2 protein chains.
Amino acid sequence: MSHQSPDAIGPDGAGYLPGLALDAVIFGFHENQLRILLLEYRNTGLFALPGGFIREHEDLNAAARRMLAERTGLSDIYLEQFYVFGDQARYDPEPMRSIMRANGLTPTDNHWLLRRFVSVGYYALVDFTKAVPRPDALSDSCDWYDLNRLPALMQDHQAIVQKALETLRINLDRKLVEWAASLLPDTFTMAELQSLYETILNEKLHRSGFQRKMLSLGVLERIDKKYTGGAHKAPYVYRFVAG
Amino acid sequence: MSHQSPDAIGPDGAGYLPGLALDAVIFGFHENQLRILLLEYRNTGLFALPGGFIREHEDLNAAARRMLAERTGLSDIYLEQFYVFGDQARYDPEPMRSIMRANGLTPTDNHWLLRRFVSVGYYALVDFTKAVPRPDALSDSCDWYDLNRLPALMQDHQAIVQKALETLRINLDRKLVEWAASLLPDTFTMAELQSLYETILNEKLHRSGFQRKMLSLGVLERIDKKYTGGAHKAPYVYRFVAG
DNA sequence: ACAAAAGTGTTAAACATACACCCATGA
DNA sequence: TCATGGGTGTATGTTTAACACTTTTGT
């Protein structure tokens, strides 16, 4: 589990559903790399996934949307639940205690944030160029990290990222269009789209086969050419068309 | 959400995680039909999915296993989370109030069971011939109902069943072997296996293509012939071999 | 012998894969 | 004019689908 605006939450967690949290793996795609948003907690060197709690009269998915908007400034985000992390052993109160101390709080032993949490895992796909990462009240920074070079993460957050990635891989073919439309800018080249695929699947694909397959889906519209200044043929730029 | 052994749970729900429940869609396959287990509540005519709560020091998935074992008598069940139902509007305290009254309980307005619950949906696949359905403390019966002829269900349980079925359809190809091994008896005919497929996908498949595809997976072992007394060639009986 | 269901064979179409080729571009 | 990356064409192999044919069984 993680946290947002904890100033607004008393030591008893009033106003929020007890024992339930959500953690989000927020994916962006930039320079042919998948990246995720991580928070760094003040004076602790601890990294964590953005997370939040559910208000007493708020839908679970709405809470996820609210939290996503707070971290990225975006309101129309593609997001989906992928797993509930509910092992009793997953929660170790120590990291949270240090975080709170580093924020000048002196938590009692049965402080709300130090109890066991079950956490609903969400993955979100955002347009890297549009998101404006914002730290939460307990953290110094909220920034993009290359999936292949993640810092050590709090608790079981590493496992949560792993599971989110697995989910992406399993469902890529089925969700292709929605996902690519969420992760890429409005227009993109075929090479960029292929690179997104390859990054998620972690395998090289054949260039010509990929092109054919994508075009055969009938969801791409060719706009014009993109002159990159490179000494080679200018690639076409594509856009998704409403199905 | 639902309930188990509520006698052991006081009006404050002590010993259990608050606000969190689990509901299970327990699938069995019999006479070429998919069936699920439903509870019927005493004197109320209300039908519901089997459900339960999580003990304070229990893993979420372990709680699901415990509940599954209580309802079916089986301990080695294939089960998986598929969605968290967390809409604020989903919980209507009225049905639960009637159920409690029908059981001679006089719930206070803020009784634990009458508050909002977020519920983790599990689907489970069991061998129909081995399961021994057992009602829980609040219900009269726990029985199999044909998926195509379900009675009206409490709350959003109809939607939960729908979502579970969707999940089955989406993942059938990928999970094929595990699932068929869980749902079918130890030995079965190719026609039975095909019928299971057709029931889950809700579409007819070509007989010969299906046979070829299944055999090409290399996980079926042909045992011997099954003489049904029918005036036709006796089908072979198959068994899954450990991959 | 016949009907009914099971198993196998045959063919054609669809799809994927690999490679080759041509094109445009800037150095 | 060359190297580079992009787009398309072609040959090959694999998978899927549809249908026909044969086999086995009880009546």
Side-chain angles (χ1 to χ4, degrees), chain A residues 29 31-33 169-170 172-174 176-177 180 184-185 187-241, chain B residues 29 31-33 169-177 180 184-185 187-241:
Chain A
F29 187 66
E31 288 173 348
N32 292 344
Q33 292 291 334
R169 286 191 182 131
I170 289 171
L172 179 56
D173 280 322
R174 204 164 49 86
L176 167 76
V177 181
L184 294 173
T187 66
F188 49 86
T189 66
M190 194 57 79
E192 286 166 339
L193 181 57
Q194 179 170 354
S195 161
L196 171 59
Y197 254 75
E198 292 177 341
T199 309
I200 291 178
L201 295 179
N202 200 28
E203 63 179 306
K204 281 258 162 287
L205 301 174
H206 290 272
R207 190 172 56 90
S208 70
F210 183 81
Q211 170 120 345
R212 226 183 300 275
K213 185 167 165 175
M214 288 304 111
L215 293 179
S216 77
L217 295 174
V219 295
L220 289 178
E221 182 189 2
R222 187 175 279 179
I223 310 286
D224 52 12
K225 293 196 174 182
K226 180 184 183 183
Y227 292 86
T228 60
H232 52 77
K233 188 171 179 177
Y236 287 106
V237 166
Y238 297 87
R239 165 167 60 195
F240 285 103
V241 292
Chain B
F29 187 67
E31 288 172 349
N32 292 345
Q33 292 291 334
R169 285 189 184 135
I170 288 170
N171 295 305
L172 179 55
D173 280 322
R174 204 164 49 86
K175 300 280 200 172
L176 167 77
V177 180
L184 293 173
T187 65
F188 48 87
T189 67
M190 194 58 79
E192 286 165 340
L193 181 57
Q194 178 171 355
S195 160
L196 170 60
Y197 254 75
E198 292 177 341
T199 309
I200 291 178
L201 295 179
N202 198 29
E203 63 180 309
K204 281 259 162 285
L205 301 174
H206 289 272
R207 190 174 56 88
S208 71
F210 183 82
Q211 170 121 345
R212 225 182 301 275
K213 186 169 166 173
M214 289 304 111
L215 292 179
S216 77
L217 295 174
V219 296
L220 289 178
E221 183 189 1
R222 186 175 280 178
I223 310 286
D224 53 11
K225 294 196 176 185
K226 181 183 183 182
Y227 292 85
T228 60
H232 51 76
K233 187 171 178 178
Y236 287 106
V237 167
Y238 297 87
R239 165 165 62 195
F240 285 103
V241 292

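Values below: every heavy atom of this structure, side chains too, minus hydrogens, waters and symmetry copies. The shown structure was predicted, so the numbers you read here are calculated from the model rather than taken from an experiment.
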Does B:Thr228 reach a base, just sugar-phosphate, or nothing at all? Heavy atoms under 4.0 Å.
nothing
Taken to the nearest whole Å, CD/B:Glu203 to P/D:dT16 is 14 Å
Can you figure out which of D:dG6, D:dT8, C:dG7 approaches the side chain of B:Arg207 most closely?
C:dG7
Within this structure, what is the CE-to-P distance between A:Met214 and D:dT8, rounded to whole angstrom?
15 Å
Measuring from the side chain of B:His206 (C-beta onward, heavy atoms only), which nucleotide among D:dG26, D:dA18, D:dG7 has the closest atom?
D:dA18
Touch class at under 4.0 angstrom, heavy-atom based, for A:Gly230 against every strand present
sugar-phosphate
Strictly under 6.0 Å, is that where the ring centroids of A:Phe29 and A:Phe188 end up?
no
Shortest non-hydrogen contact from B:Arg169 to B:Ile200?
NE-O, 2.6 Å
May I ask you to say what A:Ser208 touches in the nucleic acid, namely base, sugar-phosphate or nothing, with a heavy-atom cut-off under 4.0 Å?
base
Where the side chain of A:His232 is defined as all heavy atoms beyond and including C-beta, which of D:dG6, C:dG26, D:dG7 is the nearest nucleotide?
D:dG6
For A:Tyr238 and A:Leu184, what are the C-alpha separation, side-chain angles and deciding distance, and is it a side-chain contact (heavy atoms from CB on, under 4.5 Å)?
CA-CA 11 Å; A:Tyr238 297 87; A:Leu184 294 173; over 6 Å; no
What is the separation between atom CG on B:Leu193 and atom P on C:dG7, rounded to the nearest whole Å?
12 Å
Atom pair distance, as rounded to whole Å: NZ in A:Lys226 and C1' in C:dG26:
17 Å
Closest approach to the side chain of A:Lys233, judged atom by atom: which nucleotide of D:dT8, C:dA24, D:dT24 is it?
C:dA24
What integer distance in Å separates B:Lys225:NZ from C:dA5:C1'?
12 Å
Between B:Tyr227 and D:dT25, is there a side-chain N or O to OP1/OP2 distance below 4.0 Å?
yes
With a cut-off of under 6.0 Å to the ring centre and 45° to the axis, is A:Arg222 in cation-pi contact with A:Tyr236?
yes
Within the structure, does a side-chain N or O atom of A:Gln211 lie under 4.0 Å from either OP1 or OP2 of D:dT8?
yes
Rounded to whole Å, how long is the line connecting atom CD of B:Gln194 with atom C1' of C:dG7?
13 Å
A:Met190 CE - C:dA24 C1' separation (whole Å)
17 Å
Whole Å only: how far is the CZ atom of A:Arg212 from the P atom of D:dT10?
11 Å
What one should report as the nearest heavy-atom pair of B:Lys225 and B:Ala234 is CD-O, 4.1 Å
